[in-house]
Amino acid sequence: MLPHDFPDWHFVYQWFRQWCGDETLVKLNAALRKQIRIEDGRDPDPSLGIIDAQSVKSTAVAGVRGFDGGKKVTGIKRHIVVDSLGLILIAVVHSAGIHDNQGAFLALCPMFPSAFPRLVKIMADGGYGAHGATLRDWLLQTKGWALEIVHRIADAGFKVLPHRWKVERTFAWLDKYRRLSKNYEQLSVTAEGMIYLASTRTMLKLLNSRHADYFGCEPAWVA
């Protein structure tokens, strides 16, 4: 469904696959995130990370899939870690059959302390509490980061939990993109690439809104 004046889709997808494999999309996401944080008066490197997962149905494509008994979803699970602005630090895709506790290791393992020199704490919801002690010990020993499990307040009805709502808002941003409504990818790395593309477009639109006076009008490439 590319516009008629774009190159052949095989050629476009070849570049997409290459950018997924060499982490070009990851680096682009990081560069835009740092720019937004600087313009927001913050340090370019975050000190807080917030983790959560989203189970998504897969179409009839081959590849990684599993059954999430809690959400009753057959497909994949998107694990993301965001900063205090809700901007993605890392995105990892794995089978929906993997519980959040185990998936947290898969999501946090690729995050190297050298890439996030100021990071000191990871926040998670009560779903990660089953093996919270194991995850907390591993995170402290391997990364030097603390883990804080944020539990819902009993009998308090609906109440927004500090910082925890920001990762939910990020999933809401991602849900606006048709390509992410379901999992259409055969490979986890390309599924992750689609998340980074959506994140990149979201940040470009934010930057564009801040610099509307400079452009004079909204450029077509972020419209």
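The shown structure was predicted, so the numbers you read here are calculated from the model rather than taken from an experiment.
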The test is salt bridge (charged side-chain N to carboxylate O under 4.0 Å, His left out); show your working for Arg136 and Glu148 and say whether it passes. CA-CA 8 Å; Arg136 183 181 293 107; Glu148 180 180 341; over 6 Å; no
Does a donor on one side chain sit under 3.5 Å from an acceptor on the other, for Arg42 and Ser84? yes
Are the side chain of Lys143 and the backbone of Val120 linked by a donor-acceptor contact shorter than 3.5 Å? no
Are Lys27 and Asp22 ion-paired here, with the side-chain N under 4.0 Å from a carboxylate O? no
Heavy-atom closest contact (Gly70 atom, Asp68 atom, distance): N-OD1, 3.0 Å
Between Arg118 (side chain only) and Leu48 (backbone N and O only), is there a donor and an acceptor less than 3.5 Å apart? no
Ion pair check, Arg37 and Asp43, cut-off under 4.0 Å: no
4.5 Å side-chain heavy-atom contact, Tyr177 and Thr202: yes
Answer yes if Val81 and Phe171 sit in the same cluster of Ile, Leu, Val, Met, Phe, Trp and Tyr residues linked by side chain heavy atoms under 4.5 Å apart, and no otherwise. yes
Ion pair present between Glu192 and Arg78, side-chain N to carboxylate O less than 4.0 angstrom? no
From CD (Gln54) to CD1 (Ile76), nearest 0.5 Å: 8.0 Å
To the nearest 0.5 angstrom, please state how far the OG1 atom of Thr142 sits from the CE atom of Met111. 11.0 Å
Which pair of heavy atoms, one from Trp145 and one from Ile122, lies closest together, and at what distance? CE3-CG1, 4.1 Å
For Glu23, does the CD atom have more than 12 heavy-atom neighbours from other residues, nucleotides or ligands under 6.0 Å away? no
First locate atom CG of Leu108, then atom CD1 of Ile51, and finally report the distance between them rounded to the nearest 0.5 Å. 4.0 Å
Mind listing the closest non-hydrogen atom pair of Ile80 and Ala91 along with its distance? CG2-CB, 4.0 Å
Nearest 0.5 Å please: distance from the CG atom of Leu85 over to the CE atom of Met203. 11.0 Å
Please report the shortest heavy-atom distance between Phe16 and Leu197, naming the atom on each side. CE1-CD1, 3.6 Å
Kindly assign one of parallel, tilted or perpendicular to the pair Phe11 and Trp15, based on the angle between their ring planes and the thresholds 30° and 60°. perpendicular
Taking C-beta and beyond as the side chain, do Ile149 and Asp125 meet within less than 4.5 Å on heavy atoms? no
Exam field: side chain Ser95 to backbone Gly75, donor-acceptor pair closer than 3.5 Å: no
I'd like to check Asp52 versus Tyr128 (side-chain heavy atoms, cut-off strictly below 4.5 Å). Are they in contact? yes
Should Leu106 and Ile98 count as side-chain neighbours, where that means a heavy-atom distance under 4.5 Å? yes
Does Phe67 have Lys72 sitting over its ring (NZ/CZ under 6.0 Å from centre, angle to axis within 45°)? no
Side chain proximity check, Leu119 to Ser47, heavy atoms < 4.5 angstrom: no
Just by distance, no angles: are the side chains of Ser58 and Tyr184 close enough, under 3.5 Å, to form a donor-acceptor pair? no
Inter-residue atom distance Asn183.CG - Ser188.OG, 0.5 Å rounding: 8.0 Å
Might you point out which heavy atoms bring Ser114 and Pro117 nearest each other, and give the distance in Å? O-CD, 3.9 Å
Could you see if Phe116 belongs to whatever hydrophobic cluster contains Ile50? Use Ile, Leu, Val, Met, Phe, Trp, Tyr and a side-chain cutoff under 4.5 Å. yes
With a 4.5 Å limit on heavy-atom distance, are the side chains of Lys77 and Val56 in contact? no
Kindly work out whether a path of hydrophobic side-chain contacts (I/L/V/M/F/W/Y, heavy atoms less than 4.5 Å apart) joins Val73 to Val64. no
Go through it in stages, so that I can follow the logic: the residues are Thr74 and Lys57, the test is side-chain contact (heavy atoms from CB on, under 4.5 Å), and I'd like the CA-CA distance, side-chain angles, deciding distance and then a yes or no. CA-CA 5 Å; Thr74 298; Lys57 293 181 179 179; over 6 Å; no
Indicate yes or no for a side-chain donor-acceptor contact from Arg33 to the backbone of Leu87 under 3.5 Å, with no hydrogens or angles considered. no
Hydrophobic cluster identity match, Ile88 and Met194, side-chain contacts under 4.5 Å: yes
Is it the case that the side chain of Trp173 and the backbone of Ser199 share a donor-acceptor pair, with hydrogens and angles ignored and the cut-off at 3.5 Å? no
When rounded to the nearest 0.5 Å, the distance separating CG of Leu135 from CD of Gln102 is 10.0 Å
Note: Ala107 and Pro110 closest approach over all heavy atoms is O-CD, 3.3 Å
Determine whether a donor-acceptor pair (N or O, by modelled atom type, separation under 3.5 Å) exists between the side chain of Thr170 and the backbone of Lys166. yes
A side-chain contact here means heavy atoms from C-beta on lying under 4.5 Å apart; do Leu32 and Thr200 qualify? yes
same_hphob_cluster(Tyr13, Tyr196) at 4.5 Å side-chain heavy-atom cutoff: yes
For Ala96, does its backbone N or O pair with a side-chain atom of Ser55 as donor and acceptor, under 3.5 Å? no
His79 vs Val93 side-chain heavy atoms within contact, under 4.5 Å: no
